[in-house]
Amino acid sequence: MILARGYVDLTIRTTRWTVTGASEALPSLLQKSDRSANGCITVAWHRTLLMLPAMCRWAHTLKPELKITVMVSRNRDGQFIGDLIAPWGITGIEGSSDRNGKNKGGSRALRQACSVLRDGAIFAITPDGPRGPAETVQPGAEALMRLAGSPLVPIGAACTGITLPSWDRLRVPLPFGRGYLLYGAPCTLPVTPEEIGQKLKAQSARAEACLKLGRAGLADHLWMALGTALMPGLRAMMLIRLRRGKERLERLPERRGRTKLARPEGTLLWLHAASVGETHSILPLIEALAERHPTRQFLITTATISGADIVTGFCAQAGELSNRLIHQFIPYDVPLWTRRFLDHWRPSALLLTDSELWPGILLACTRRAIPVGVLNARLSTRSWKRWHQMRRLVPPIFKRLDFVAARGEQDAAHFAALGARDVVCYGDLKANAPPPSVNMDELRSLRAQIGTRPVFLAASTHSGEDEIILRAIAKLRLSIPDLLTIIAPRHPVRGAQIATLLDSKPPLRSKGAAPGPTDSIWIADSLGELGLFYRLAQCAFIGNSLVAPGGGHNPFEPARLEVPLATGPFCDNFRPAFEQLTGLVAPIQSDNDLADWIDSVMKDPMPWRARAQQARAKLQSEEGVPAALLDRIDALCV
């Protein structure tokens, strides 16, 4: 017995345990100060019995005076287990379910259990014990809930260990390993043994998945070593980005996982959106989740300043909801910085947007049993082929995702083929995003300066497209001599480069210059102002689509503003969105096509305005966050 206790104590002390679960539900039950309140029942499979001391040790750190009682069978094995776990402050009650008319002390044990529960104790049951069948809940758990009036908490457990060839496949922990104790939301009556079993199986499966997928392979170690080695370079890069206006001095520590803000109490849902489009897409989702859960807090991270500005503007208009929103810049994927970030914020779950998948962050979340989902998940054919070719060289990041909500069936197939375990399709969240914001004073001022001139916008252009656009504009000088073309490059640093393509010196938005009466080109090289430029234009071309490989950009934002739209042939990254607007966005193949389209819109705008109105009406008819997606996120947080 001494040797057995010593071994269990060694494994418990040297194992790196992760104890977490349903929105801090179990800690709140343990820490009740009202002694008149009943305790709670915990259930775990019989094969996890030797992990019980670890749970008890954790519970006593929250409430040292807590009484913990466990039911053991009335036989030699039960007595051995009772004696083995006694040093951890666990009291055994002998008894098990009566079977075939044979009295096994079940009735007496139930009475004793009700007594200790009324005293505020924790009563632990292995509902498939003492002889099985394994992982089948016997009626005693539900009966005890009914008699004692106490909630029941399912606990999934897994650890590094040896599985014995016994009826329950008992897990014997090994020293210096990892262990997971995951508690679910408290169950209350009415509940059936089958429902208890389903909840317990779900928690156990998740604990086993965390144990398996939380092991760092060679690719993980290489990625972590690379991140650590690049720390000095990343610090230098932050300063370069700061000089270019892409960072904010007072918030640079956030890139290293540091913050001056305190973590709020309760459930904290972490949502990450890279930049403007992704941030816009999750705002309706946050509003819907906040309405469902009035006490839930939201941590929103972005990678760019423009994304941060969107969150700031949303908070300014969100009323009381703004008190439940916290914005941070996401830390770079360096082990030390990620660990610092997660140690402070301790999110209940992480929701990534689009294709923002960082191997180090995903591994760290898996090791902490923080479930991770992907919203509006997209993976183009080109990206899928690249991931598939590198699958042996990169960490198993797709397997570490708890669920993927793909924006289209093709994206869903790509994620599933790469190993994602739970893939569903709820459509494109960007269709629900509000139109891009605008400074109304600036809009009125520019409209007054431009007057009645026709305006064409080339939005989010990429290198190689500007030359094609300028050739198209040159063809229109005779038919539309007063046309003003606004070129808004996707990356504003390209503004000066685009200016060199012109004989005359065009005004640059980054220099504070506005278009004069004789300017035919205005380079809008600024961040976060597409909402302004779309509202100035009579028609717009969506860039990153004329030159291969391209990829396209989101058409939903201008569609909500009823702007006639055109796009090139290379828009695979947003293929589902353009398919949703089939027949309502003009296809462009060349500079001649673009010139002809602009000419037709300017000379006969009514048909094109009608198409733009149809596009907006189509989006309005399909808007709203799917209830099934909200349910899936709720399940993730539990």
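What you see is a predicted model; the values in this text were computed from it and never measured.
Residues L584 and L565 fail the side-chain proximity criterion, which asks for heavy atoms closer than 4.5 Å. Looking at heavy atoms from C-beta onward, D634 lies in side-chain contact with R296 at the 4.5 angstrom threshold. Here the side chains of E265 and Q297 are not in contact, with every heavy-atom distance at 4.5 Å or above. Between R400 and L363, some side-chain heavy-atom pair lies under the 4.5 Å cut-off. Side-chain contact check for T295 versus T267: every heavy-atom pair is 4.5 Å or farther apart. The closest side-chain heavy-atom distance from D428 to F556 is below 4.5 Å. The closest side-chain heavy-atom distance from C539 to L457 is not below 4.5 Å. Using a 4.5 Å heavy-atom threshold, the side chains of F541 and L546 count as touching.
Contact detail for A377 and V404: the closest heavy-atom pair is CB-CG1, 3.4 Å. The two residues P555 and F578 have their closest heavy-atom pair at CB-CE2, 3.7 Å. The shortest non-hydrogen separation linking S526 to F533 is OG-CZ, 3.8 Å. L289 and L269 get closest at one heavy-atom pair: CD1-CD2, 3.8 Å. Residue G550 comes nearest to N573 through the heavy atom pair O-ND2, 4.4 Å, listed as atom of the first residue, atom of the second, then distance. Smallest separation of non-hydrogen atoms from L379 and H414: O-ND1, 2.6 Å.
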message = Test side-chain hydrogen bond (donor to acceptor under 3.5 Å, both in side chains) on T304 and S306; report intermediate values, then the result.
response = CA-CA 5 Å; T304 64; S306 52; 3.2 Å; yes
message = Please evaluate residues L351 and L636 with respect to the criterion side chain to side chain contact (heavy atoms under 4.5 Å, CB included), reporting the C-alpha separation (whole Å), side-chain torsions for both, the decisive distance (0.1 Å), and the verdict.
response = CA-CA 10 Å; L351 295 175; L636 193 73; 3.6 Å; yes
Side chain to side chain contact (heavy atoms under 4.5 Å, CB included) assessment of L271 paired with L350 = CA-CA 6 Å; L271 300 101; L350 165 60; over 6 Å; no
task = Any chance you could lay out the salt bridge (Lys or Arg N to Asp or Glu O under 4.0 Å) test for D343 and R368, step after step, and finish with the verdict?
result = CA-CA 10 Å; D343 283 345; R368 294 167 184 252; 2.8 Å; yes
message = Applying side chain to side chain contact (heavy atoms under 4.5 Å, CB included) to R490 and T461, what does each step give before you reach the verdict?
response = CA-CA 5 Å; R490 175 67 171 178; T461 63; over 6 Å; no
task = Show your reasoning for whether side-chain hydrogen bond (donor to acceptor under 3.5 Å, both in side chains) applies to D572 and S380.
result = CA-CA 6 Å; D572 284 348; S380 67; over 6 Å; no
Chi angles and distances behind the side chain to side chain contact (heavy atoms under 4.5 Å, CB included) call for R494, D525 = CA-CA 7 Å; R494 292 183 51 250; D525 53 342; over 6 Å; no
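Atom CG of N439 is separated from atom CG of L443 by 8.5 Å, given to the nearest 0.5 angstrom. Summarising the geometry, atom CZ belonging to R255 is positioned 10.5 Å from atom CZ belonging to R248; distances are rounded to the nearest 0.5 Å. One distance of note links OG1 of T279 with CZ of F314; it measures 11.5 Å at 0.5 Å rounding. Taking CG of L325 as the start and CD1 of I300 as the end, the distance is 5.0 Å to the nearest 0.5 Å. Rounded to the nearest 0.5 Å, atoms CZ (R241) and CG (L234) are 10.5 Å apart. Atoms CZ and SG, from R215 and C210 in turn, are 11.5 Å apart once rounded to the nearest 0.5 Å.
Counting only distance, with no hydrogens or angles, the side chain of R421 and the backbone of F403 share no donor-acceptor pair below 3.5 Å. Side-chain N or O atoms of W522 include one that pairs as donor or acceptor with a backbone N or O of A513 at under 3.5 Å. Under a 3.5 Å cut-off, the side chain of R560 and the backbone N or O of V563 do not form any donor-acceptor pair. For H344 (side chain) and L261 (main-chain N/O), a donor-acceptor pair under 3.5 Å exists by modelled atom type. Judged purely by atom type and a 3.5 angstrom limit, T338 has no side-chain atom pairing as donor or acceptor with the backbone of P335. Side chain of D333 to backbone of I361: a donor-acceptor contact under 3.5 angstrom is found. In terms of modelled atom types and a separation under 3.5 Å, the side chain of T228 and the main chain of M224 share a donor-acceptor contact. Formation of a donor-acceptor pair under 3.5 Å by the S545 side chain with backbone atoms of G552 is not found in this model. At distances below 3.5 Å, at least one donor-acceptor pair connects side-chain atoms of T366 with backbone N or O atoms of L362. A distance-only check finds a donor-acceptor pair linking the side chain of R263 to the backbone of R346 [under 3.5 Å].
Between D411 and R407, at least one side-chain nitrogen of the basic residue sits less than 4.0 Å from a carboxylate oxygen of the acidic one, meeting the salt-bridge criterion. No salt bridge links R367 with D220; every basic N to acidic carboxylate O contact stays at or beyond 4.0 Å. Under 4.0 Å is where a charged nitrogen must lie from a carboxylate oxygen, and between R632 and D402 no such pair does.
Residue E562 forms a salt bridge (Lys or Arg N to Asp or Glu O under 4.0 Å) with just one option from R616, K618, R535, and that option is R616.
Counting non-hydrogen atoms of neighbouring residues, nucleotides and ligands closer than 6.0 angstrom, the CD atom of E250 exceeds 12 such neighbours. Annotation for E320: atom CD does not count as buried by contact number, only 12 or fewer foreign heavy atoms lying within 6.0 Å.
Taking the salt bridge (charged side-chain N to carboxylate O under 4.0 Å, His left out) definition, one finds that R509 meets it with E442, E529, sequence neighbours left out.
Applying the ring-ring contact (aromatic ring centres under 6.0 Å, His included) test to residues at least two apart or on different chains, the pairs with a partner in residues 316-336 are H327-F329. Among residue pairs with one or both ends in residues 350-361, those qualifying as side chain to side chain donor-acceptor pair (under 3.5 Å) are H272-E356, D354-N376, D354-R378, D354-K430, E356-W358; sequence neighbours excluded.
Aromatic ring pairs are classed by plane angle as parallel below 30°, tilted from 30° to 60° and perpendicular above 60°; the pair F398 and F415 is perpendicular.
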